[in-house]
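Worksheet: the structure to be examined is printed underneath.
Only this structure's heavy atoms are used, side chains among them; waters, hydrogens and symmetry mates stay out. So that the names make sense, note that chain A is the first sequence line, chain B the second, and so on, each numbered from 1.
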Amino acid sequence: MKSQISLAFKKCRKENRPALLTYTVAGDNTKKKSLEILKSISEYADILELGFAHNAPTADGPQIQNSSYRALKNGIKLKDVFQIVKNYKKIKNAKPCILMGYYQMVYKYGEKKFVRKCKQVGVDGLIIVDLPFPENKEFSRLCKKNFITFIQLLSPTTSKERMKKIIQSSHDMIYYISMLSTTGGKLKISPNKILKNYFKIKRLSKTKNAVIGFGITEKTISSFKKADGLVVGSALCKGISDSLKKRQNPVIKLNKMVKKLKSRIT
Amino acid sequence: MKIKKGIPLIDQHDKNGFYGGKFGGNYVAETLKKPIDDLTKLFEKCRKDKNFIKERDNLYENYVGKPTRFIKLQNLTDHLGGAQIYAKMVSDANGGAHKIYNAITHAMLCKKAKKKYMCTDTGAGYNGKMFSMVAKKFGLGCKVFMGTRDIERQKPNCDSIRKNGAEIIPVTSGSKTLVDAVSECIRYWVSNCDKAHMGIGSLVGPNIFVKICGFSTSQISRELKVQLEEEFGEIPRRLKLINCVGGGSSAYGFWSEFFDYDKKHIELIGVEAGGPKNSKLHAAPLSKNSKIAILHGAAAYCVQDSDGQIDETDSCSSGLDYPSTSPIHCYLKDIGRARYSFATDEEAFAAYKLVTELEEISPSLEPSHSFAEAIKIAPRLDDTNIIVVNSCGDSLKDKDIIKKRLGSYSR
């Protein structure tokens, strides 16, 4: 059985374009608003990543940190994150949903309980930022058993040998971190160079869907059309911050932003 | 689980970096896997290299100043009328605290890795100060991440850091203290690991940082062992080694030669920051039985809420004001080799006051927590018991806080 995530990539491939993946933080700026945002951007996005906030994030840049702190300040709990996914999945044409966060939250909740809960509410994939290979092997198996795609990350510092091992142990999607940066950094290297690295990975993993993330914005996204999928996160979190500052509705703002992103890659 | 004899405790982890099967590890982003791997290989090579050790020992002798004094606190002993109380004056070390040992190893490794600058975190400012000192000595650049709350309350050390030419990067996220400084420093390394060497300031973080720190501070223990034998002709039969514990770097260094001994022979007592007396907030995950959390790359007991968010802490001493602790101390607690208690802010100030009134020493607020424990237990023991307190920091950095709390500060 193909996962919803794989099917989404397949559909985009048919349309001859990369999949558009968005990242927003659950509960940013409120539980209700973040659900509305998911529903609204579903119109254009192919896969939705949803962050579950932790207050000691070691790999996030300022934009996502702002979103996480805002969500936490408004009282977001893990149980609310699951509720948001559950409610989102009730809509017609709901897109595949990936939860992303830090291992501490999973560890505290209990690995098995966490994965079972994910399955129950309709989570399609999981990214755990600070649970790298090979320590993640057991957790990865647990996800597979529950039909959840465990998505591993590769970075410019990952050696070829390690890359092979990670790819071999990965499920149907992998995530390439474009550069040495926390989330939302400015592109430090040229898109061509990023793509060159990216295709090294693709050569090692012809059948897996590989996405590029970190530093992708309205300005840069069109340079990466050749990839299987592209993740935009910090730019959207910044969009929410900006619209709140101007006392505008972040739902409308995000809808517009994602629409524009989509238009750049079709 | 038992401690293996003859092997440094820092090396008694499994292949994934866990002590006792569950404390520590390497919970880091993929980007940091290779830099950590490189650093691990470099460190293992260097610690076996005679020239590296020779250079280090030379620096400890001529730059840090070794050994730091081992003195009897006769007035305090007489005043309390019980166990004999001694102090290991680690605050004699160049810069005024034990953090110098770790900073030296990191600067040497940074040079070997051919990197041009180091980044580090700081709470009390001592780690930042020591990194800035050795950076200057080694001709390296240095960035120090420090919470804005700590910048305010540890001004003297901040002045030193800047005077040494290092850059203080204020951290405004979260509680604006050490926990956020470490997070920000790790984030910085994620983005700059190709150019910068990172040194974590305590016995915390991914496994390699625990090891480098413990390897460095264990100098304290090597000196103490010799000094004990000189003073008593043997290792005293009833010995208690008291040390404050935040991240736990000085405690590890103070105890490292003595883990092999039976606990009835040498008792190891760690004192955490209990926070203000009437507050629920504290920084004492070991003695107040916090559960395990994953923070800053490692699994360890940590102050947290029911959802797993890291809880706020409070302590008058910036150096102990950290929600988690070292995986090694968690392991020592679990196997019962060390005992952990806490002292409140009030007890620490009272201990500072008593010790400075009676003796010619001036411990900072961190070791004042250890003295509080010594003052508590000494009267209940007879004079065949020897208590040694690690006076691991000098009070000068706390002069503003002490003045505010006790009305005056003299040194």
Side-chain angles (χ1 to χ4, degrees), chain A residues 52-62 65-66 68-69 72 75-81 101-110 114 127-137 152-159 162-163 166 174-177 179-186 188 214, chain B residues 14-18 22 25-38 171-175 178-196 205-207 291-300 302 304-312 322-324:
Chain A
F52 48 99
H54 177 43
N55 67 354
T58 48
D60 285 316
Q65 278 186 58
N66 284 342
S68 300
Y69 284 123
L72 288 170
I76 192 81
K77 295 268 188 280
L78 212 43
K79 67 172 183 358
D80 306 316
V81 179
Y102 290 88
Y103 184 60
Q104 157 64 1
M105 302 302 291
V106 180
Y107 178 83
K108 181 75 183 167
Y109 198 83
F114 189 93
I127 301 175
I128 309 297
V129 183
D130 54 347
L131 190 64
F133 182 83
E135 287 89 343
N136 60 22
K137 274 182 174 171
Q152 305 208 60
L153 299 121
L154 297 171
S155 103
T157 56
T158 313
S159 67
R162 183 172 161 80
M163 224 174 235
I166 294 177
I174 41 181
Y175 190 129
Y176 179 61
I177 299 168
M179 56 182 171
L180 298 186
S181 170
T182 49
T183 52
K186 252 194 177 161
K188 292 199 258 187
F214 286 39
Chain B
D14 66 16
K15 69 178 195 330
N16 291 324
F18 288 96
K22 59 179 174 180
N26 287 294
Y27 297 97
V28 295
E30 173 63 25
T31 306
L32 290 184
K33 269 285 188 182
K34 178 154 193 297
I36 283 180
D37 201 33
D38 290 347
V171 179
T172 54
S173 56
S175 59
L178 181 55
V179 61
D180 308 290
V182 179
S183 296
E184 190 63 29
C185 185
I186 295 175
R187 285 192 284 266
Y188 180 82
W189 203 40
V190 169
S191 299
N192 299 282
C193 54
D194 52 340
K195 302 188 288 283
N207 183 244
K291 298 253 164 62
I292 298 174
I294 316 296
L295 178 67
H296 298 145
C302 179
Q304 59 187 311
D305 71 11
S306 59
D307 221 36
Q309 304 297 345
I310 308 306
D311 256 344
E312 232 184 284
Y322 185 67
S324 187

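By number of non-hydrogen pairs under 4.5 angstrom with chain A, the leading residue of B:Pro323, B:Ser183, B:Ala299 is B:Ser183. Per-residue heavy-atom pair counts under 4.5 Å with chain B were compared for A:Pro57, A:Ser159, A:Pro156, A:Gly185, and the maximum is reached by A:Pro57. When each of B:Leu295, B:Asp194, B:Val179 is scored by its heavy-atom pairs under 4.5 Å with chain A, the top score falls to B:Asp194.
Between the side chain of A:Thr157 and the backbone N or O of B:Thr31 there is at least one donor-acceptor pair closer than 3.5 Å. Remark: the backbone N or O of A:Ser155 is not paired with any side-chain donor or acceptor of B:Glu30 at under 3.5 angstrom. Remark: the backbone N or O of A:Leu78 is paired with a side-chain donor or acceptor of B:Asp307 at under 3.5 angstrom.
Only the backbone of B:Ser306 has a heavy atom closer than 4.5 Å to any heavy atom of chain A. For chain B, the nearby part of A:Leu154 is the backbone; its heavy atoms alone come within less than 4.5 Å. When heavy atoms are compared at a cutoff of 4.5 Å, A:Tyr69 approaches chain B solely by way of its side chain, counted from C-beta outward. Neither the backbone nor the side chain of A:Asn66 comes within contact range of chain B, judged by heavy atoms closer than 4.5 Å. Interface remark: B:Ile186 contributes backbone and side-chain atoms alike to the contact with chain A (heavy atom separation under 4.5 Å).
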Step-by-step side chain to side chain contact (heavy atoms under 4.5 Å, CB included) determination, A:Thr58 to B:His296: CA-CA 7 Å; A:Thr58 48; B:His296 298 145; 4.0 Å; yes
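Closest approach of A:Leu180 to B:Cys193, counting heavy atoms only: CD1-SG, 4.0 Å. Across every non-hydrogen atom of A:Gln104 and B:Ile294, the tightest pair is OE1-N, 2.8 Å. Residues B:Ser191 and A:Thr182 come closest through the heavy atom pair OG-N, 3.0 Å.
Applying the side chain to side chain donor-acceptor pair (under 3.5 Å) rule to A:Tyr175 yields no partners; only residues at least two apart in sequence or on another chain are considered. Residues passing the side-chain contact (heavy atoms from CB on, under 4.5 Å) test with A:Ala59, sequence neighbours excluded: A:Tyr102, A:Val129, B:Ala29.
Counting heavy atoms from C-beta on, the side chains of A:Arg162 and B:Lys34 never come closer than 4.5 Å.
Heavy atoms of other residues, nucleotides or ligands lying less than 6.0 angstrom from NZ of A:Lys137 number 12 at most.
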